[in-house]
Amino acid sequence: MPYQWLLFDVDNTLLDFDQTEALALESNFAQHGLPFPPEAKQRYHAINHSYWQRLERKEVTPEILRTGRFQDLFDELGVQFDAELFASSYLAQLGQQAPLVDGVMELLRELNGRFHLGIITNGLADVQHPRLEKSGLKPYFSPIIISQEIGISKPNPGIFDAAFAQMDHPAKDEVLMIGDSLSSDILGGINYGIDTCWLNPNGKTTDLPITYEIKTLHQLKDIL
């Protein structure tokens, strides 16, 4: 059957999160008058990635993730600062950064009206909503499912249940999940019984039974 629904991840699928993260981090260090050593971006990226993986495995809560990643970064850098205060202002900075992945708006204009478009994202609501608004993406998508708002993260099937409930329970073979993360987007889609499309710009490998693999979003049109 042809797909009726396309479910997209957000970070590093629709929005360039690596660029967002780097801009917000540097701006936040400057806002608080803290030294910003060259290794800070790389160290934070690794720490943050680890925390999100732990969240997917239910080893930490969103509240622990929110501040723990900065406390760990400060410990590594030898910085003395309030992690909660830094986290609050960082999230505000993050919400103001919304660089698009190349080709996103062109793709959405072509898909709009041909498919129902939804979002399932592991993220914090006070970050994702402003970024989706600022980027111009929000009008294209319904539903928009954010893990913090429902208390369940990908790859847990519960987040897909929440999406399908708002989608009026389509047949699973009418739905395609598109994302860059093997551990959340692709594994989540596979476990839920829907087709998956892995956005893999860096040529990584996997043994997961993905349905499609693309290097750029432009190639999605060839599949559809």
Side-chain angles (χ1 to χ4, degrees), residues 1-17 52 56 98-123 125 128-129 131-133 135-150 152-224:
M1 291 181 63
Y3 298 115
Q4 302 296 316
W5 279 92
L6 306 178
L7 295 178
F8 286 84
D9 172 50
V10 171
D11 290 318
N12 288 332
T13 300
L14 299 173
L15 294 177
D16 186 335
F17 187 75
W52 280 103
E56 290 173 12
L100 292 162
V101 169
D102 289 344
V104 165
M105 296 309 293
E106 176 190 357
L107 175 69
L108 293 180
R109 284 191 288 268
E110 291 195 30
L111 299 180
N112 190 38
R114 294 175 53 205
F115 301 91
H116 299 293
L117 307 177
I119 278 174
I120 303 182
T121 175
N122 285 356
Q128 299 299 61
H129 282 303
R131 294 173 68 225
L132 291 170
E133 286 278 8
S135 65
L137 293 175
K138 203 165 195 176
Y140 288 95
F141 294 97
S142 180
I144 295 174
I145 306 296
I146 299 176
S147 61
Q148 186 190 32
E149 292 185 324
I150 63 169
I152 308 171
S153 299
K154 295 175 291 186
N156 189 306
I159 196 169
F160 291 90
D161 284 336
F164 270 60
Q166 293 193 36
M167 294 155 58
D168 199 24
H169 300 285
K172 289 185 177 181
D173 61 5
E174 295 179 348
V175 182
L176 178 67
M177 177 71 212
I178 302 136
D180 69 298
S181 171
L182 287 172
S183 62
S184 60
D185 308 320
I186 304 307
L187 184 60
I190 290 170
N191 288 345
Y192 200 66
I194 60 177
D195 285 355
T196 57
C197 180
W198 182 29
L199 178 58
N200 180 25
N202 299 318
K204 298 177 183 178
T205 59
T206 181
D207 293 329
L208 290 176
I210 58 175
T211 315
Y212 309 103
E213 179 179 341
I214 56 177
K215 288 190 173 182
T216 69
L217 281 178
H218 180 78
Q219 294 175 301
L220 182 62
K221 293 183 290 186
D222 298 332
I223 294 170
L224 301 172

Working to the nearest 0.5 angstrom, can you tell me the gap between Thr211 OG1 and Met177 CE?
12.0 Å
Would you say Val175 and Tyr3 make side-chain contact, with heavy atoms under 4.5 Å?
no
In short, ring-ring contact (aromatic ring centres under 6.0 Å, His included) pairs touching residues 172-191 with sequence neighbours left out are none
Any side-chain heavy atom of Pro143 sitting closer than 4.5 Å to one from Met167?
yes
Only counting residues at least two apart or in another chain, list the ones meeting salt bridge (Lys or Arg N to Asp or Glu O under 4.0 Å) with Glu133.
Lys138
Side chains of Tyr140 and Leu107 in contact at under 4.5 Å (non-hydrogen atoms)
no
Please set out all donor-acceptor pairs under 3.5 angstrom arising from side-chain atoms of residues 213-224, sequence neighbours excluded.
{"residue": "Glu213", "atom": "OE2", "partner": "Asn200", "partner atom": "ND2", "Å": "2.9"}
{"residue": "His218", "atom": "ND1", "partner": "Lys221", "partner atom": "NZ", "Å": "3.1"}
{"residue": "Gln219", "atom": "OE1", "partner": "Lys215", "partner atom": "N", "Å": "2.5"}
{"residue": "Gln219", "atom": "OE1", "partner": "Thr216", "partner atom": "N", "Å": "3.1"}
{"residue": "Lys221", "atom": "NZ", "partner": "Glu110", "partner atom": "OE2", "Å": "3.1"}

Under the side-chain contact (heavy atoms from CB on, under 4.5 Å) criterion, do Ile146 and His129 qualify, and how do the steps go?
CA-CA 9 Å; Ile146 299 176; His129 282 303; 3.5 Å; yes
The complete set of side chain to side chain donor-acceptor pair (under 3.5 Å) pairs with one or both residues in residues 155-172, sequence neighbours excluded, reads Asp161-Tyr192
Distance (rounded to the nearest 0.5 Å) between Leu7 CG and Leu176 CG:
8.0 Å
Side chains of Met105 and Leu137: does their closest heavy-atom pair fall under 4.5 Å?
yes
A side-chain contact here means heavy atoms from C-beta on lying under 4.5 Å apart; do Ile210 and Ile186 qualify?
yes
Between Leu108 and Phe141, is the side-chain contact (heavy atoms from CB on, under 4.5 Å) condition met? List the steps.
CA-CA 10 Å; Leu108 293 180; Phe141 294 97; 3.7 Å; yes
Quick check: are there more than 12 heavy atoms from other residues, nucleotides or ligands sitting under 6.0 Å from CG of Asn191?
yes
State, yes or no, whether a side-chain contact exists between Ile190 and Leu208 at a heavy-atom distance under 4.5 Å.
yes
side-chain contact (heavy atoms from CB on, under 4.5 Å), that's the test. Do Phe160 and Ile120 meet it? Break it down for me.
CA-CA 8 Å; Phe160 291 90; Ile120 303 182; 3.7 Å; yes
Heavy atoms, side chains only, cut-off 4.5 Å: are Ile150 and Ile145 in contact?
yes
Looking only at heavy atoms, the pair that brings Asn12 and Phe17 closest together is OD1-N, 2.9 Å
Would a distance-only check, ignoring hydrogens and angles, find a side-chain to backbone donor-acceptor pair under 3.5 Å from Ser135 to Leu132?
yes
Do Gln148 side-chain atoms and Ala125 backbone N/O form a donor-acceptor pair below 3.5 Å?
yes
Does anything in residues 188-209 pair up under salt bridge (Lys or Arg N to Asp or Glu O under 4.0 Å), and if so which pairs, sequence neighbours excluded?
none
Can you list everything that forms a ring pair (Phe, Tyr, Trp, His ring centres under 6.0 Å) with Trp5? Sequence neighbours excluded, please.
His116
Would you confirm whether Asp185, through its side chain, and Ser181, through its main-chain N or O, come within 3.5 Å as a donor-acceptor pair?
yes
Could you measure the distance from the CD atom of Glu149 to the CD1 atom of Ile144? Nearest 0.5 Å is fine.
9.0 Å
Show the nearest heavy-atom pair for residues Ile194 and Phe164, with the distance to one decimal.
CG2-CZ, 3.9 Å
Here the gap from Ser183 atom OG to Trp52 atom CH2, rounded to the nearest 0.5 Å, amounts to 12.0 Å
Using a 4.5 Å cut-off on heavy atoms from C-beta on, say whether the side chain of Thr196 contacts that of Tyr212.
no
Under 3.5 Å, side chain of Asn122 to main-chain N/O of Lys154, donor-acceptor pair present?
yes
With a 3.5 Å distance limit and no angle check, can you tell me whether Thr121 reaches the backbone of Asp9 through a side-chain donor-acceptor pair?
no
Which atoms form the tightest heavy-atom contact between Asp180 and Trp198, and what is the distance?
O-NE1, 3.1 Å
Checking Glu56 against Ser153 for the side chain to side chain donor-acceptor pair (under 3.5 Å) test, could you report, in this order, the C-alpha distance in whole Å, the side-chain angles of both residues, the deciding distance, and whether it holds?
CA-CA 6 Å; Glu56 290 173 12; Ser153 299; over 6 Å; no
